[in-house]
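One structure is given below, encoded as C-alpha cells.
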Amino acid sequence: MTATATRPPILFLSHGAPPLADDRTWTRELKDWSGTFSKPKDILMISAHWENAPVSLSATQRPQELVYDFWGFPQKYYDVRYDAPLAPELADEVEKLTSQHGHHVERDETRGLDHGAYVPLKEMFPKADVPVVQMSMPTLDPKGLFELGRTLAPLRDRGTLIVGSGFTTHNLRWFNPAAGPDGTPPAASSEFDHWAEEAMARGDVDSILDFIHKAPAAREAHPRSEHWAPLYVALGAASASGGIDAQTAIDGFWFGLSKRSWTLT
C-alpha cells in the first residue's frame, strides 16, 4: 500500500515544544514536508501527550479548545489558536475499526488538541482547514500500540492522514537554552538517532519495538517511552499491507533532541 493522490502516507514527526514556532528552519521544514503529499480529507493525531485507557477520542460535538499542557512559557504561547474543523465522521470510523478488534472507545467532549498536535499542525496546515481528531494511547506497550495501528490502516483509503507525534530522542535534561537550538547534541542523542535512522531504513520493526534492548543509549534517549510510542502506532498502520518503506523527512537536532521525522508508505 503506497501513498497516492487519494491515499495519504503515514507520518511520525518530532513535534517540538511551543517555541518551535520561533525556529525558522524547523517551521520551514514542516511546511515543505506538508507540500510533498496531497491535502488529506482529515487527520487522526496520536500524540505523546495523551495517554488514556480505554482508547479515547477528542471533541467532535463542540469546539476543541487547545490544551496548553506546558508551564513557565511567555504568554504568547498561551494565546495561540488552531481552530481546525471537527471530524465526527473520522471519529465514527476510528471507533468502528478499533471496536472490531476488542477496544472500547470513549468520547471526551472536553478534550481538545494538545501541543503535540497543534504545534506541528499549525506549521504544516496553517489555514487550519483540515478536520482533526486526536486519539489517546491506551498503553505504552509496543506490541499493543502496533496492533492498534494495524486496525487503523483502512483509514488511509478514505483519505485520512495518520500522524504519530512524539520525539526521536526526548531527554529534557539535555535541554540547554544557553547552547542554542543548533548546539552540538549529546553523544547519546546522536547515537540513538543514528540507530533509529538505520533501523527505520531497514524496516526493522522488531528492533524498533524492542528499542530498549536493541538501541544504544536507549534509556538515556527515552527515560520514559511516551515520545517514542506514537511511532509504534504509525508502524502498525503502515505495516498492514506488508513491509515498511520509511523515508526521513526531517533530520537534525533541536536543543540536543533529535527531530528526525519519517514519511511511511
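Checking side-chain atoms of Arg156 against main-chain N and O of Pro8 turns up a donor-acceptor pair under 3.5 Å. Side-chain N or O atoms of Ser225 include none that pairs as donor or acceptor with a backbone N or O of Pro223 at under 3.5 Å. Listed for the Glu109 side chain is a donor-acceptor partner under 3.5 Å among the backbone atoms of Gln61. A distance-only check finds a donor-acceptor pair linking the side chain of Gln64 to the backbone of Val132 [under 3.5 Å]. Side-chain atoms of Thr98 never come within 3.5 Å of backbone atoms of His103 as a donor-acceptor pair (strictly under, hydrogens ignored). Between the side chain of Tyr78 and the backbone N or O of Phe70, at least one donor-acceptor pair lies under 3.5 Å. For the pair Thr168 (side chain) and Arg260 (backbone), a donor-acceptor distance under 3.5 Å is present. Without hydrogens or angle criteria, Thr27 side chain to Ala21 main chain gives no donor-acceptor distance under 3.5 Å. Judged by distance alone, with hydrogens and angles left aside, the side-chain atoms of Ser189 form a donor-acceptor pair with the main-chain N or O of Gly256 at under 3.5 Å.
Side-chain contact check for Thr36 versus Gln247: every heavy-atom pair is 4.5 Å or farther apart. Considering only heavy atoms from C-beta on, Ser58 comes within 4.5 Å of Trp50 through its side chain. In this structure, Lys41 and Leu90 have side chains that are not in contact, with every pair of non-hydrogen atoms separated by 4.5 Å or more. Counting only heavy atoms from C-beta outward, the side chains of Lys122 and Val80 approach each other to under 4.5 Å. Proximity of Pro18 to Tyr68: side-chain heavy atoms (C-beta onward) are nowhere separated by under 4.5 Å. In this structure the side chain of Ser207 reaches within 4.5 angstrom of the side chain of Trp195, judged on heavy atoms. Here the side chains of Leu13 and Ile250 are not in contact, with every heavy-atom distance at 4.5 Å or above. For the pair Val94/Val105, no side-chain contact is recorded, criterion being any heavy-atom separation below 4.5 Å from C-beta on.
Interatomic distance, CG of Leu66 versus CG of Leu113, reported as 6.0 Å (0.5 Å rounding). Atom CZ of Phe146 sits about 10.0 Å away from atom CG of Leu231, to the nearest 0.5 Å. Considering OG of Ser165 and NE2 of His49, their distance stands at 7.0 Å, rounded to 0.5 Å. Atom CD1 in Ile10 sits 9.0 Å away from atom CG in Leu235 (nearest 0.5 Å). Taking CD from Glu220 and NE2 from His170, the interatomic distance works out to 15.5 Å, rounded to the nearest 0.5 Å. Distance check, rounded to the nearest 0.5 Å: OG1 of Thr248 to CD of Glu197 gives 5.5 Å.
Between Pro9 and Leu161, the shortest heavy-atom distance links the atoms O-CD1, 3.3 Å. Among all heavy-atom pairs drawn from Gly116 and Met45, the shortest one is O-SD, 4.1 Å. The heavy-atom pair separating Ala84 from Val130 by the smallest distance is CB-O, 3.7 Å. Smallest separation of non-hydrogen atoms from Trp262 and Ala196: CZ2-O, 3.8 Å. When every heavy atom of Ala48 is checked against every heavy atom of Pro230, the shortest pair comes out as N-CG, 3.8 Å. Shortest non-hydrogen contact noted between His115 and Ala17 is CD2-CA, 4.3 Å.
Phe125 and Met135 are assigned to two separate hydrophobic clusters, defined by single-linkage of ILVMFWY side chains at heavy-atom distances under 4.5 Å. Both Leu97 and Leu145 are part of a single hydrophobic cluster, where members link through side-chain heavy atoms under 4.5 Å apart. Note on Leu155: it clusters hydrophobically with Met137, by side-chain heavy-atom contacts below 4.5 Å among ILVMFWY residues. Transitive grouping of hydrophobic side chains (ILVMFWY, heavy atoms separated by less than 4.5 Å) brings Tyr232 and Val55 into a common cluster. In the hydrophobic cluster analysis, where Ile, Leu, Val, Met, Phe, Trp and Tyr join through side-chain heavy atoms closer than 4.5 angstrom, Leu264 is grouped apart from Val163.
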field: Residues Trp228, Phe192; criterion ring-ring contact (aromatic ring centres under 6.0 Å, His included); working and verdict
entry: CA-CA 12 Å; Trp228 186 242; Phe192 187 94; 5.2 Å; yes

query: Would Asn52 and Asp108 count as a side-chain contact (heavy atoms from CB on, under 4.5 Å) if you check the C-alpha gap in whole Å, the side-chain angles of each, and the deciding distance to 0.1 Å?
result: CA-CA 11 Å; Asn52 193 72; Asp108 187 347; over 6 Å; no

query: Under the side-chain contact (heavy atoms from CB on, under 4.5 Å) criterion, do Glu89 and Glu93 qualify, and how do the steps go?
result: CA-CA 6 Å; Glu89 293 180 3; Glu93 286 296 316; 5.8 Å; no

task: Would you please test His227 and His222 for ring-ring contact (aromatic ring centres under 6.0 Å, His included) and show each step?
output: CA-CA 8 Å; His227 276 74; His222 292 283; 7.7 Å; no

query: Can you check side-chain contact (heavy atoms from CB on, under 4.5 Å) on Val133 and Leu86, steps first, answer last?
result: CA-CA 7 Å; Val133 70; Leu86 301 176; over 6 Å; no

Stepwise side-chain contact (heavy atoms from CB on, under 4.5 Å) check, Gln100 with Thr151: CA-CA 8 Å; Gln100 288 173 352; Thr151 71; over 6 Å; no

message: Please evaluate residues Thr263 and Trp33 with respect to the criterion side-chain hydrogen bond (donor to acceptor under 3.5 Å, both in side chains), reporting the C-alpha separation (whole Å), side-chain torsions for both, the decisive distance (0.1 Å), and the verdict.
response: CA-CA 9 Å; Thr263 301; Trp33 188 12; 2.8 Å; yes

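Counting heavy atoms of neighbouring residues, nucleotides and ligands inside a 6.0 Å radius, atom CZ of Arg81 exceeds 12 of them. Within 6.0 Å of CD on Glu226 lie more than 12 heavy atoms contributed by other residues, nucleotides or ligands.
A side chain to side chain contact (heavy atoms under 4.5 Å, CB included) with Ser34 is found for exactly one of Glu123, Met124, Lys39, namely Met124.
Salt-bridge check for Asp204 with Arg202: passed, with a basic side-chain N closer than 4.0 Å to an acidic carboxylate O. The pair Asp23-Lys259 does not count as a salt bridge, with every side-chain nitrogen at least 4.0 angstrom from each carboxylate oxygen. A salt bridge links Arg158 with Asp42; the closest basic N to acidic carboxylate O contact falls under 4.0 Å.
A side-chain donor-acceptor contact under 3.5 Å links Asp193 and Ser258. No donor-acceptor contact under 3.5 angstrom links the side chains of Thr25 and Trp254, judged on distance only. If you check the side chains of Ser47 and Asp114, you find a donor sitting under 3.5 Å from an acceptor.
Qualifying side chain to side chain contact (heavy atoms under 4.5 Å, CB included) partners for Lys31, counting only residues two or more places apart in sequence or in other chains: none.
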